[in-house]
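Note sheet for the following structure.
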Amino acid sequence: MDETTTTQHPTDTAPQQRVRTALVIGGGIAGPVVATALQQVGIRATVCEAYAGTADGVGGGMGFAPNGLQALDAVGIGNAVRAVSTPMEGMIIESWNGRQLGEFGNLPGIPPQRFVERSDLYRVLNDAAEAGGVTTLTGRRLVDAVDDGTQVTARFADGTTATADLLIGADGIHSTVRRLIDPAAPEAQYAGTHSFGAWVEDSGLPDTGGKMRMSFGKRAFLGWQVFEDGRCLWFVNLPSPMPVTVAEQRAKGAEFWLRTMVELFREDASPAVRLLERTDPEALIFAGSMEFMPPVPNWSRGRIVLVGDAVHAPSSSSGQGASLAIESAVQLARCLRDLPVDRALVAYEQLRRPRVERIMKATARTNARKAAGPVGRVVRDALLPLMFRVMKPEKSAWQYVHPIDFAAPVA
C-alpha cells in the first residue's frame with residue numbers, strides 16, 4: 001500500500017459505527033463540497049481526482065441557481081461564490097425569426113440566478129476545501145474498490161491504493177463508482193443534441209442587461225449573453241440523431257464546426273452568424289453530447305455511495321445540475337454526522353431522490369423542445385407564447401427555494 005495515498009484511521013468493528021474517514025472520488029463540483037462539509041462534521045475527507053492537473057481556466061460560463069447558493073451558505077461557502085458571480089435578471093426566449101416567445105424574470109422574494117464562469121466556481125470550491133483541511137490527490141483514476149464491511153479500499157490506475165471508512169462517488173455522469181455499486185446500473189442517456197460554446201471578446205453587440213437570450217433556431221438552438229464590456233458568452237445545441245463525443249468533435253476541428261454552425265443559423269434573425277464569425281477557433285469549447293441520468297435504482301451499497309451527477313444528472317437545460325449536486329453533498333454530510341453509516345445512507349437517499357427526480361422530469365420536456373423537427377418547431381413556437389401567458393411562475397418556485405438547516409439533526 002502506498003502510504004502517501006492512505007487515509008486509514010482506527011475504526012470500530014461494529015457494523016453500526018459512525019464514519020470517521022472518507023475517500024471522495026472526483027474533484028469537480030460535488031467532490032470538494034462534500035469533502036468540505038464532511039470536515040466540518042468531524043469526518044476526515046480526502047479527494048481523489050483522476051486528472052493530473054486542475055480545472056483552473058477550463059470551461060465556459062453557467063447559470064447558478066439560488067438553491068445552490070443556499071446549500072453553499074449552509075457550509076459557509078456561499079459568499080465566496082457570490083464574489084465571483086453576477087446576478088442574472090432573467091431570460092428572453094425567441095423564435096428563429098426574432099419573435100419573442102416569452103420572458104422569465106426573477107421570481108418575487110427569490111434571489112436571482114447568478115452567472116459564474118465554471119473555472120471560477122471550481123477554484124472557489126476547491127480553495128474552500130483546502131482551507132477546511134481537505135487533502136486532494138491528483139492523478140488518481142479509480143479502477144476498483146473493495147468493501148470489507150468495516151472499511152473500503154480504493155485501487156487506482158497508477159497502482160496506488162487508499163483506505164477509509166466510506167467511499168463517495170462524485171465522479172460525474174460516467175461514474176466508475178456507480179458501476180462498482182451496481183454493474184447493471186443505467187448509463188447516461190443522450191438528450192438529443194450536442195453542444196459548443198465560446199467567449200467572444202468583442203461581440204459588437206449591445207449589453208443584454210443581465211439577461212440570457214435564447215433562440216429556438218430553424219435548425220439549432222442558441223443562447224447568448226452580452227456583458228457591459230462587450231464580451232459575449234454563447235452556446236449552441238445542435239440536434240443530432242446520434243450522440244457525438246468531445247473526441248469526435250475535436251477530430252473535425254473548430255473551423256469545421258464554426259462553418260457548419262454558420263450555415264445552420266444562416267436563415268435565423270438571431271446574432272448567431274455574427275457571433276460565430278467573430279469566434280476565435282482556439283476559444284471554441286467542445287462540450288460533446290447533452291446527457292442526463294435516468295433514475296438510478298441503487299444509490300449506495302455497503303460503504304460506497306454516490307453523490308452529484310454520478311447519481312442524478314439532469315441535462316444542462318435544467319440550470320440545476322451544479323446546484324442539485326451541492327445540495328446532495330451537504331445533505332450527505334448531515335446524515336453521516338448524525339447516523340450510523342447504514343442508516344445514514346438510507347436517510348440521505350430518502351431526503352434527495354424525490355426532489356432530484358422531479359426536476360429531471362421537468363428538464364426532459366425542455367430537451368424535447370430543443371430537438372424538435374420542422375413540424376414540431378411550428379407547433380412549439382405557436383404554443384409557447386400561450387403557455388408563458390397562462391402559466392404561473394410561482395409554481396416553479398419550489399425548484400429555487402430549498403434551504404438546508406445544516407445544524408438540524410437528521411431523524
Side-chain angles (χ1 to χ4, degrees), residues 57-64 85-98 100-101 103-104 113-121 191-240 244 246 249-250 252-290 315-319 321-322 366-367 369-371:
V58 177
M62 58 184 287
F64 193 69
S85 61
T86 56
M88 295 178 65
E89 300 303 324
M91 293 184 291
I92 297 174
I93 314 296
E94 302 174 358
S95 67
W96 70 274
N97 58 10
Q100 184 168 314
L101 301 176
E103 181 171 354
F104 295 97
Q113 183 166 304
R114 300 184 73 88
F115 178 86
V116 62
E117 293 196 41
R118 184 174 290 273
S119 59
D120 286 340
L121 179 62
T193 64
H194 62 114
S195 304
F196 300 88
W199 281 100
V200 176
E201 293 301 318
D202 181 14
S203 67
L205 296 173
D207 180 3
T208 55
K211 295 182 179 180
M212 174 72 72
R213 301 183 75 96
M214 300 183 180
S215 174
F216 286 105
K218 263 194 169 183
R219 294 189 285 174
F221 180 90
L222 169 73
W224 76 100
Q225 183 168 347
V226 185
F227 297 85
E228 291 181 357
D229 59 2
R231 289 201 314 156
C232 177
L233 178 72
W234 63 260
F235 68 91
V236 165
N237 301 142
L238 301 182
S240 172
V244 180
V246 170
Q249 289 177 333
R250 290 187 183 279
K252 292 188 175 181
E255 291 85 356
F256 168 84
W257 288 112
L258 289 170
R259 289 194 305 269
T260 298
M261 287 185 279
V262 164
E263 292 309 312
L264 290 174
F265 285 107
R266 185 72 73 183
E267 299 178 46
D268 291 4
S270 76
V273 172
R274 180 189 188 112
L275 290 171
L276 291 162
E277 289 178 342
R278 290 192 174 210
T279 298
D280 180 352
E282 294 295 323
L284 188 65
I285 299 169
F286 299 90
S289 294
M290 288 180 65
S315 78
S316 57
S317 298
S318 69
T366 302
N367 292 333
R369 295 186 191 116
K370 287 185 177 182

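Throughout, numbering of the chain's residues begins at 1 and tracks the sequence.
- Relative orientation of the Phe235 and Phe221 rings is tilted, given thresholds of 30° and 60° on the angle between their planes.
- Closest of all the heavy-atom pairs between Pro281 and Glu255 is CB-OE2, 3.8 Å.
- Of all the heavy atoms in Trp199 and Ala283, the pair that sits closest is O-CB, 4.2 Å.
- Within the 3.5 Å criterion, the main-chain N or O of Val273 finds no donor-acceptor partner in the side chain of Arg266.
- In this structure Glu89 satisfies the salt bridge (charged side-chain N to carboxylate O under 4.0 Å, His left out) test with no other residue, sequence neighbours excluded.
- With hydrogens and angles ignored, the 3.5 Å screen pairs no side-chain donor or acceptor of Gln249 with any backbone N or O of Ile285.
- Side chain to side chain, Thr279 and Trp234 meet the donor-acceptor criterion of an N or O pair below 3.5 Å.
- Between atom CE of residue Met261 and atom CD of residue Glu277 there is a gap of 12.0 Å, rounded to the nearest 0.5 Å.
- Under the salt bridge (charged side-chain N to carboxylate O under 4.0 Å, His left out) criterion, Arg250 pairs with no residue at all, not counting sequence neighbours.
- Atom CZ in Phe196 sits 8.0 Å away from atom OG1 in Thr260 (nearest 0.5 Å).
- Considering CG of Leu205 and CH2 of Trp224, their distance stands at 8.5 Å, rounded to 0.5 Å.
- Closest of all the heavy-atom pairs between Gly230 and Ser203 is O-OG, 2.8 Å.
- Listed here is the closest heavy atom pair of Ala287 and Val246: C-CG2, 3.8 Å.
- Closest of all the heavy-atom pairs between Leu284 and Ala198 is CA-CB, 4.2 Å.
- Among all heavy-atom pairs drawn from His194 and Ser240, the shortest one is CD2-CB, 3.8 Å.
- Of the inter-residue distances, the one linking Trp96 atom CH2 with Ser215 atom OG reads 10.0 Å to the nearest 0.5 angstrom.
- With contacts defined as side-chain heavy-atom distances shorter than 4.5 Å, the pair Met212/Thr208 does not qualify.
- Residues Met91 and Gln113 form no side-chain contact, since every pair of their non-hydrogen atoms from C-beta on lies 4.5 Å or further apart.
- Atoms OG1 and CZ, from Thr86 and Arg114 in turn, are 7.0 Å apart once rounded to the nearest 0.5 Å.
- In terms of modelled atom types and a separation under 3.5 Å, the side chain of Arg219 and the main chain of Glu267 share no donor-acceptor contact.
- Side chains of Gln225 and Leu233 form no contact here, defined as non-hydrogen atoms less than 4.5 Å apart.
- Atom-to-atom distance recorded for Phe115:CZ and Met62:CE is 9.5 Å, nearest 0.5 angstrom.
- Checking each of Val262, Leu222, Val200 against Leu276 for a side chain to side chain contact (heavy atoms under 4.5 Å, CB included) leaves exactly one that passes, namely Val262.
- With a 4.5 Å cut-off on side-chain heavy atoms, Phe64 and Ser85 do not count as touching.
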